[in-house]
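By convention in this document, chain letters (A, B, ...) are assigned in the order of the sequence lines, proteins followed by strands, and residues within each chain are numbered from 1.
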Amino acid sequence: MKHDLFSKCIKIVIAGTTLIGIVCCIYLIPELARVFRMWYPEQAYWATPWMIFLYVCAVPCFAAMVVAWMIATNVGKDQSFTKKNSNLFKIFSILALADTGVFGVGSVVFLLLEMNHPGLLLADFLIVFAGLAIFICTAALSYFTGKAASLQEDSDLTI
Amino acid sequence: MKIIVNVDVMMAKRKISSNELAEKIGITPANLSVLKTGKAKAIRFSTLMALCHELNCQPGDILEFIDD
């Protein structure tokens, strides 16, 4: 697959994922909060803090989509193996780690404040596990892209 | 510590332009410029052979080692 076609495919996926994220933030989260308040009136006070917490955790996700778009743009220009792309992957990995850390710590804090359920905490740790996996993969990609950029530079400057 | 490529000197002696030399040795004028300005990290033996053939010289005539 050519780099420009690959870049376009990646951009379509990123745009779709961002759209899903926006729909989740605008409709799904408030709707879930409303249904939760309706079904569990005794724990209705959980809804607003959790909503705010989820919105805070969504911000790094949207930032990561912007970074992913920039990486896809560089791939489209046939500049896949560059220091710039390596740094973008590094930023992506930091965003993943930060978001995962905030989400994990927040879930535990909510449990200590008696605004969480142990069963829900288990699901939260699965999300933390997925976030850590993304962090490891993007950190590795950053390292390998940096190494490849050095090789590319050596190759380009070999006459 | 560096290696200088003195292509300019030999080009002046043989009265050949950059574009002409680049075409004869099979590299782009941009790559020849990279070589002349000392930005090249490596040179292939095939390129060095072609340079020596076109400029009618030895590798030592165009490559100079400078120890800082």
[atom1] of [X]: more than 12 outside heavy atoms within 6.0 angstrom?
X	atom1	answer
A/Lys11	NZ	yes
A/Tyr45	OH	yes
A/Met115	CE	yes

- Message: Running the 4.5 Å side-chain criterion over Ile, Leu, Val, Met, Phe, Trp and Tyr, what cluster does A/Ile26 land in, apart from itself?
- Response: A/Ile22, A/Phe62
- Message: My understanding is that a hydrophobic cluster links ILVMFWY residues whose side chain heavy atoms are under 4.5 Å apart, including indirect links. Using that, what else belongs to the cluster containing A/Tyr27?
- Response: none
- Item | ring pair (Phe, Tyr, Trp, His ring centres under 6.0 Å): pairs with one or both residues in residues 86-111 of chain A, sequence neighbours excluded | A/Trp50-A/Phe110, A/Phe53-A/Phe103, A/Phe53-A/Phe110
- Given a strict heavy-atom distance threshold of 4.5 Å, which part of B/Ile43 is in contact with chain A: side chain, backbone, both, or neither? both
- Item | Part of residues 133-159 of chain A lying next to chain B, heavy-atom separation under 4.5 Å |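 The residues closer than 4.5 Å to chain B, in numerical order, are A/Glu153, A/Asp154, A/Leu157, A/Thr158, A/Ile159.
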